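Take a look at the structure below.
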Amino acid sequence: MNHEIIDLAKQFRLSVLHDGTFPIEEQHREYLLRLLQTEAAKREERSLAERLRQARFPAFKNFEEFDTDFQKGVTRKELQLLEKLDWLDALFNLILIGPPGTGKTHIALAVGNKAAREGYRVAFSSMDNLIHILKTREISKKSMGRLGWIKKCDLLIIDELGYLPVSRAEANFFFALVSELHEKASIVITSNKGFDGWAELLGDAVLATALLDRLTHRCQILNFTDESYRLANRKQIFDN
Ligand code: ADP
Ligand code: MG
């Protein structure tokens with residue numbers, strides 16, 4: 001029990017407790033340990049809440065609610081491997097490609113949620129918003145702050161690459177960010193376009209090749225197929 005007390009005291013920098021200044025008497029051990037453990041739990045709870053706040057997830061999604069019978073582009077086995085998050089420690093990226101409504105954002109959010117709960121720093125942003133942040137970082141404190149968090153992250157999730165066109169300057173900003181994060185953090189990207197479409201979107205084949213080179217160096221690519229889950233499961237006002 002003493003070593004647990006000492007470990008926690010060190011963690012909280014309570015030097016008098018672990019350097020012997022304040023002897024830990026037998027009859028107080030249990031109480032002291034409970035006190036320190038309660039504080040540890042409380043701190044962990046607070047830091048999780050903060051990580052979830054900073055992540056800016058637009059919705060809560062988890063792996064359990066993802067139906068792999070419906071979505072054939074990802075197997076149950078692949079889902080389990082994604083959920084284990086070993087790939088985050090190995091600094092792999094993940095690219096989810098497929099038509100709208102097929103569950104790409106769902107998986108990206110499930111990954112993000114799990115990662116934040118496991119202690120990783122996560123940032124979620126639409127491609128659109130990310131470009132906005134990059135473009136306004138020098139004139140907006142808000143953008144600067146957000147970019148600071150993004151650069152500190154273990155995992156950056158970029159949702160919906162390919163819906164809106166990107167200018168040459170924007171593509172360059174984006175490339176610079178990806179280069180900076182390369183081999184420091186994992187990147188998850190969802191896109192309705194395949195890689196050929198990315199080149200067209202970025203308007204520069206050389207830049208697109210360099211970008212894909214970095215992103216796919218260590219990367220899992222999942223192709224989402226079939227019909228839209230939204231359409232297949234749409235709720236109707238009238239029962240027929
Ligand atoms: P995408 O990002 O590919 O356009 P979403 O992930 O936003 O699609 O999915 C649309 C909606 O359908 C979301 O509410 C999502 O949770 C749900 N959904 C999609 N695919 C599945 C699935 N295979 N199992 C359970 N829910 C799904
Ligand atoms: Mg989506």
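The residues of the chain are indexed from 1 along the displayed sequence. Remember, it's 1-based here, ligands and their atoms both numbered in the order they're listed. Since this is a predicted model, take the numbers as computed values, not measurements.
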Among protein heavy atoms, which lies nearest [atom], and at what distance?
{"atom": "atom 17 (C) of ligand 1", "value": "Y229 CD2, 3.4 Å"}
{"atom": "atom 3 (O) of ligand 1", "value": "K104 NZ, 2.8 Å"}
{"atom": "atom 7 (O) of ligand 1", "value": "R230 NH2, 3.3 Å"}
{"atom": "atom 25 (C) of ligand 1", "value": "E65 O, 3.1 Å"}

So what's near the Mg ion (ligand 2), protein N, O or S atoms under 2.8 Å?
T105 OG1
Any side-chain hydrogen bond (donor to acceptor under 3.5 Å, both in side chains) involving residues 1-16? Give me the pairs, sequence neighbours left out, ordered by first then second residue.
N2-R29
Between F60 and L109, is the side chain to side chain contact (heavy atoms under 4.5 Å, CB included) condition met? List the steps.
CA-CA 7 Å; F60 171 82; L109 283 168; over 6 Å; no
Do the charged groups of [X] and [Y] touch, with an N to O distance under 4.0 Å?
{"X": "E45", "Y": "K42", "value": "no"}
{"X": "E39", "Y": "R43", "value": "yes"}
{"X": "R51", "Y": "E44", "value": "yes"}

For [X], take its heavy atoms, then give the atoms of ligand 1 lying under 4.0 Å from any of them.
{"X": "P100", "result": "4 (O)"}
{"X": "G103", "result": "1 (P), 3 (O), 5 (P), 6 (O), 8 (O), 9 (O), 19 (C), 20 (N)"}
{"X": "Q71", "result": "23 (N)"}
{"X": "T102", "result": "1 (P), 3 (O), 8 (O), 20 (N)"}

Minimum side-chain heavy-atom gap I221-N93 below 4.5 Å:
no
Tell me, do I158 and V188 make a side-chain contact under 4.5 Å, heavy atoms counted?
no
Distance under 6.0 Å and angle within 45° of the ring axis: does R76 meet both against F63?
no
Side chain R214, main chain L211, donor-acceptor under 3.5 Å:
no
All side-chain hydrogen bond (donor to acceptor under 3.5 Å, both in side chains) counterparts of T216, not counting sequence neighbours
none
Sequence neighbours excluded, every pair satisfying ring-ring contact (aromatic ring centres under 6.0 Å, His included) that has a member inside residues 168-201
H182-H217, F195-W198
Candidate with minimal heavy-atom separation from atom 14 (O) of ligand 1, of H106, E160, K61
K61
Hey, looking at atom 24 (N) of ligand 1, which of D67, N62, T105 has the closest heavy atom?
D67
I want to know if ligand 1 touches G101 in the polar sense, i.e. an N/O pair below 3.5 angstrom.
yes
